[in-house]
Amino acid sequence: MLMKKLTLLFVLLLTLTTSVFALDFEFGLGSGYVLYGGKHVKSLVNGFDQKSQVILSTDVEMKMPVASVLNLTFGIDSIFDGRWKGSHHIYLWDYACSAGVDVYPGIGGLRCSVKYCLGRRTDFVNLPEDDDIRSTDFGNGFEFAAGWDFGWGRSGLSPVVEAAWRHMPRGGASDNVLDLKLKLKIKTSN
């Protein structure tokens, strides 16, 4: 019952916000690489062959155009790093919320982004010597991205290609996420 009320509240706020402000949306899917900073995690992932690995990154963003060359962005970002060896596995799931800006410097659809990120990582480990689910503390980080918006200046659906680097300090270690995404942009504003 509570979930239905929260969903209804979210839909109502989204409807009111889109009627007052012009909002654009982006949905992305891609892959990348994670450079883990903690010694324990490094030793865990080094025990796996890269042939038995999958890395999948996703994101969803809401963009509020402030000017023709500037958007405020709010979103969620996630990267899943799965590794396995026989019946043993380690799944590392990194997720973050972000807020930032997109800037179009005037070179066609080139776009540069800077975002503040708040997130954590949850590790699902099933190894002979270690069988546990554990999460890091939340960390504050940042993301720099560059991409090409094929529909810049037009409304409707268009593809976006984006490469990003997200740096996430968590306690005594920092993870660095590098990813490349193909995104679908839904532009409602002019």
Side-chain angles (χ1 to χ4, degrees), residues 1-7 9-11 13-14 25-63 73-100 102 113-147 160-184:
M1 187 66 172
L2 178 64
M3 191 63 174
K4 288 181 181 179
K5 288 180 181 179
L6 289 174
T7 304
L9 180 63
F10 176 74
V11 170
L13 286 173
L14 186 63
F25 299 92
E26 280 186 10
F27 306 93
L29 182 64
S31 187
Y33 190 76
V34 183
L35 301 161
Y36 296 104
K39 290 180 183 178
H40 179 68
V41 175
K42 282 183 186 179
S43 67
L44 285 177
V45 298
N46 286 338
F48 288 88
D49 187 7
Q50 288 186 342
K51 294 177 193 169
S52 301
Q53 176 184 19
V54 64
I55 297 178
L56 180 66
S57 63
T58 61
D59 73 351
V60 176
E61 284 187 318
M62 180 176 65
K63 298 177 179 291
T73 66
F74 306 94
I76 54 174
D77 192 7
S78 175
I79 191 160
F80 174 82
D81 182 359
R83 299 163 189 247
W84 60 92
K85 184 188 318 180
S87 64
H88 301 293
H89 63 263
I90 180 170
Y91 303 129
L92 306 163
W93 180 36
D94 185 290
Y95 43 95
C97 296
S98 65
D102 287 341
S113 304
V114 177
K115 299 174 191 160
Y116 163 78
C117 303
L118 173 66
R120 67 191 284 184
R121 191 187 70 239
T122 300
D123 303 340
F124 303 88
V125 180
N126 179 353
L127 299 173
E129 68 279 357
D130 191 3
D131 188 7
D132 197 11
I133 297 173
R134 54 185 166 259
S135 296
T136 65
D137 292 332
F138 277 92
N140 297 299
F142 56 84
E143 178 179 287
F144 295 110
V160 176
V161 176
E162 183 177 85
W165 167 50
R166 182 162 41 99
H167 178 72
M168 293 298 295
R170 297 182 178 101
S174 296
D175 293 344
N176 289 286
V177 177
L178 306 168
D179 67 354
L180 181 64
K181 291 184 190 123
L182 176 60
K183 299 174 131 189
L184 178 63

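What you see is a predicted model; the values in this text were computed from it and never measured. Along the sequence shown, residues are numbered consecutively beginning with 1.
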Report task. Let me see the working for Leu29 and Leu182 under side chain to side chain contact (heavy atoms under 4.5 Å, CB included), right down to the final yes or no. Result -> CA-CA 6 Å; Leu29 182 64; Leu182 176 60; over 6 Å; no

Are [X] and [Y] close enough that some pair of their side-chain heavy atoms sits under 4.5 Å apart?
{"X": "Leu127", "Y": "Leu44", "answer": "yes"}
{"X": "Ile90", "Y": "Asn126", "answer": "no"}
{"X": "Lys181", "Y": "Val161", "answer": "no"}
{"X": "Met168", "Y": "Val177", "answer": "no"}
{"X": "Val54", "Y": "Trp84", "answer": "yes"}

Look up atom [atom1] in [X] and atom [atom2] in [Y], then write down how far apart they are to the nearest 0.5 Å.
{"X": "Asp77", "Y": "Cys117", "atom1": "CG", "atom2": "SG", "value": "7.0 Å"}
{"X": "Gln53", "Y": "Arg83", "atom1": "CD", "atom2": "CZ", "value": "4.0 Å"}
{"X": "Ile79", "Y": "Thr58", "atom1": "CD1", "atom2": "OG1", "value": "9.0 Å"}

Taking side chain to side chain contact (heavy atoms under 4.5 Å, CB included) as the test, write out the residues that go with [X], two or more places apart.
{"X": "Phe74", "answer": "Met62, Met64, Leu72, Ala99"}
{"X": "Val114", "answer": "Phe144"}
{"X": "Ala164", "answer": "Glu143, Ala145, Asp179"}

Less than 3.5 Å apart, which donor and acceptor atoms pair up between the side chains of residues 31-40 and the rest of the protein, not counting sequence neighbours?
| residue | atom | partner | partner atom | Å |
| --- | --- | --- | --- | --- |
| Ser31 | OG | Ile55 | O | 2.8 |
| Tyr36 | OH | Asp81 | OD2 | 2.8 |
| His40 | NE2 | Arg134 | NH2 | 3.1 |

Query - Partner residues of Trp93 under the ring pair (Phe, Tyr, Trp, His ring centres under 6.0 Å) criterion, sequence neighbours left out - result: Tyr95

Report task. Could you tell me which residues satisfy ring pair (Phe, Tyr, Trp, His ring centres under 6.0 Å) with His89, sequence neighbours excluded, listed by chain and number? Result ->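 Expected list: Tyr91.
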
Requested in this report: Report the C-alpha separation of Glu26 and Lys183 in whole Å, then their side-chain angles, then the decisive distance to 0.1 Å, and conclude whether the salt bridge (Lys or Arg N to Asp or Glu O under 4.0 Å) test is met.
Outcome: CA-CA 6 Å; Glu26 280 186 10; Lys183 299 174 131 189; 3.2 Å; yes

Applying side chain to side chain donor-acceptor pair (under 3.5 Å), can you list everything that pairs with [X], at least two apart in sequence or on another chain?
{"X": "His167", "value": "Asn176"}
{"X": "Ser52", "value": "none"}
{"X": "Tyr116", "value": "Asn140"}
{"X": "Ser135", "value": "Arg120, Thr122"}

Report task. Indicate the atoms forming the closest heavy-atom contact of Arg121 with Asp123, along with that distance. Result -> NE-OD1, 2.7 Å

Query raised in the report: So which heavy atom on Ile76 is nearest to which on Cys97, and how close?
Result: CG2-SG, 3.9 Å

Query raised in the report: What pairs of residues pass the salt bridge (Lys or Arg N to Asp or Glu O under 4.0 Å) test when at least one of them lies in residues 90-99, not counting sequence neighbours?
Result: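 Residue pairs with at least one partner in residues 90-99: Asp94-Arg166, Asp94-Arg170.
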
Query raised in the report: So Leu118 and Phe138, side chain to side chain contact (heavy atoms under 4.5 Å, CB included) or not? Walk me through it.
Result: CA-CA 7 Å; Leu118 173 66; Phe138 277 92; 4.2 Å; yes

Query raised in the report: salt bridge (Lys or Arg N to Asp or Glu O under 4.0 Å) with Asp137: which residues, sequence neighbours excluded?
Result: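 For Asp137, no residue satisfies salt bridge (Lys or Arg N to Asp or Glu O under 4.0 Å) once neighbours in sequence are set aside.
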
Query raised in the report: Does any donor atom in the side chain of Asp102 or Ser113 lie under 3.5 Å from an acceptor atom in the other side chain?
Result: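 A donor-acceptor contact under 3.5 Å links the two side chains.
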
